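Have a look at the structure below before the remarks.
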Amino acid sequence: MRKIYYQIIKFEEYKYIVAATNKGLAFVGLRDETLEDMSKFYPKAEFIEDYSLTNHYAKEITEYLDGNRTKFDLKLDIVGTEFQESVWKAVAKIPYGEVSNYTKIANSINRPKAVRAVGTAIGRNPVPLVIPCHRVLAKDGTLGGYRGGLEMKSDLLHLERKK
């Protein structure tokens with residue numbers, strides 16, 4: 001059974017889960033997500049509260065939310081399908097303070113007709129903020145969807161535009 005170590009951090013009025021394995025960051029829970037939400041990504045894992053293993057990750061996440069970090073220096077331990085991983089790699093390349101859209105991501109991975117599948121893969125991103133799926137908008141410039149809710153997506157984009 002896979003062991004995932006986690007801690008819950010508080011930032012402003014919200015709680016965030018930061019979870020890692022011995023190999024790297026495995027999950028970032030967004031505003032008030034729960035262990036139950038994390039178990040949807042890792043249904044067969046054992047969750048162990050352990051601040052010593054997660055503090056480094058939590059520190060960088062907090063610095064980002066505070067507006068004091070524009071780039072992460074974290075090892076990741078995430079697994080998806082080949083398609084999901086190609087989408088996540090493309091999303092990870094979107095610079096801080098900039099945006100892209102689902103169509104551009106689909107084109108960048110040479111799957112121009114897979115726009116909806118790109119959206120689904122982005123929704124399965126276990127480490128939002130670090131792989132910045134909030135920077136992906138609909139083709140018409142509207143927010144589209146976001147696991148943390150559209151208010152949070154808007155707040156993150158606003159945070160990044162202030163820099």
Side-chain angles (χ1 to χ4, degrees), residues 4 6-20 24-43 47 54 57-58 60-72 74 76-81 83-109 111-163:
I4 298 180
Y6 75 93
Q7 72 171 278
I8 296 172
I9 59 173
K10 291 182 180 157
F11 184 81
E12 295 177 346
E13 69 266 26
Y14 303 105
K15 294 178 186 173
Y16 298 81
I17 297 173
V18 177
L25 184 68
F27 183 80
V28 176
L30 300 176
R31 291 182 177 171
D32 297 328
E33 283 189 307
T34 64
L35 292 179
E36 187 177 312
D37 294 308
M38 185 165 62
S39 71
K40 293 173 188 168
F41 286 81
Y42 300 102
F47 301 132
T54 55
Y57 303 104
E60 287 201 20
I61 297 293
T62 302
E63 289 170 352
Y64 168 80
L65 292 169
D66 242 346
N68 296 320
R69 176 173 289 278
T70 60
K71 191 174 184 184
F72 292 96
L74 302 172
L76 301 180
D77 184 14
I78 58 174
V79 178
T81 65
F83 179 79
Q84 287 171 332
E85 289 181 6
S86 69
V87 170
W88 299 340
K89 283 178 186 165
V91 171
K93 293 177 183 174
I94 304 169
Y96 185 92
E98 295 184 25
V99 294
S100 188
N101 65 52
Y102 299 101
T103 302
K104 287 180 184 175
I105 299 295
N107 288 333
S108 76
I109 62 167
R111 299 285 301 274
K113 294 184 179 180
V115 176
R116 291 182 83 166
V118 163
T120 301
I122 288 171
R124 292 291 304 157
N125 170 14
V127 290
L129 306 182
V130 178
I131 295 178
C133 49
H134 60 278
R135 296 179 191 153
V136 182
L137 307 178
K139 191 175 183 178
D140 65 3
T142 58
L143 292 181
Y146 191 60
R147 194 174 92 211
L150 295 184
E151 180 182 354
M152 181 177 187
K153 186 172 188 171
S154 177
D155 290 348
L156 292 170
L157 293 171
H158 180 73
L159 168 76
E160 292 187 7
R161 288 189 185 118
K162 287 198 287 187
K163 281 279 173 189

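Source: prediction; values computed, not measured. Residue indices begin at 1 and follow the sequence shown.
Residues L159 and G67 come closest through the heavy atom pair CD1-CA, 3.7 Å. Taking all atoms of both residues into account, the shortest heavy-atom contact from Y96 to R69 is CE1-O, 3.8 Å. Shortest non-hydrogen contact noted between F72 and I61 is CE2-CD1, 3.9 Å. Residue P132 comes nearest to A92 through the heavy atom pair CD-CA, 3.9 Å, listed as atom of the first residue, atom of the second, then distance. Contact record, V18 with Y57: CG1-CB, 3.6 Å, taken as the closest heavy-atom pair. Shortest non-hydrogen contact noted between C133 and P128 is SG-CB, 3.8 Å.
Within the 4.5 Å cutoff, side-chain heavy atoms of I105 are placed close to those of I94. Two residues are said to be in side-chain contact when any heavy atoms from C-beta on lie closer than 4.5 Å; M38 and L35 meet this criterion. Looking at heavy atoms from C-beta onward, L156 lies in side-chain contact with L65 at the 4.5 angstrom threshold. Using a 4.5 Å heavy-atom threshold, the side chains of V118 and I109 count as touching. Using a 4.5 Å heavy-atom cutoff, the side chains of F27 and I78 are not in contact. Side-chain contact between V127 and L74 is absent, with no heavy-atom pair separated by less than 4.5 Å. E160 has its side chain within reach of Y64: a pair of non-hydrogen atoms, C-beta onward, lies under 4.5 Å apart. Proximity of P126 to Y42: side-chain heavy atoms (C-beta onward) are separated by under 4.5 Å at one or more points.
Annotation for R31: atom CZ counts as buried by contact number, over 12 foreign heavy atoms lying within 6.0 Å. In E13, the CD atom is crowded: over 12 heavy atoms of neighbouring residues, nucleotides or ligands sit closer than 6.0 Å.
A donor-acceptor contact shorter than 3.5 Å is absent between the side chain of W88 and the backbone of V79. Under a 3.5 Å cut-off, the side chain of D32 and the backbone N or O of K15 do form a donor-acceptor pair. Within the 3.5 Å criterion, the main-chain N or O of G80 finds a donor-acceptor partner in the side chain of E85. At distances below 3.5 Å, at least one donor-acceptor pair connects side-chain atoms of K153 with backbone N or O atoms of L143. At distances below 3.5 Å, at least one donor-acceptor pair connects side-chain atoms of S86 with backbone N or O atoms of F83.
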Stepwise side chain to side chain contact (heavy atoms under 4.5 Å, CB included) check, R135 with V91: CA-CA 8 Å; R135 296 179 191 153; V91 171; over 6 Å; no

Full working for side chain to side chain contact (heavy atoms under 4.5 Å, CB included) between D37 and K40: CA-CA 5 Å; D37 294 308; K40 293 173 188 168; 3.6 Å; yes

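With sequence neighbours excluded, no residue satisfies salt bridge (Lys or Arg N to Asp or Glu O under 4.0 Å) with E98.
Pairs engaging residues 112-129 under the side chain to side chain donor-acceptor pair (under 3.5 Å) rule: none recorded [sequence neighbours left out].
Considering CG of L30 and OH of Y14, their distance stands at 12.0 Å, rounded to 0.5 Å. Atom NZ in K93 sits 12.0 Å away from atom CD1 in I131 (nearest 0.5 Å). Note that CG of D155 is 11.0 Å distant from CG of L150, once rounded to the nearest 0.5 Å. L129 CG to Y16 OH: the interatomic distance, rounded to the nearest 0.5 Å, is 7.5 Å. The distance from the OG1 atom of T62 to the NZ atom of K10 is 12.5 Å, given to the nearest 0.5 Å. One finds the CD1 atom of I122 at 11.0 Å from the CD atom of Q84 (value rounded to the nearest 0.5 Å).
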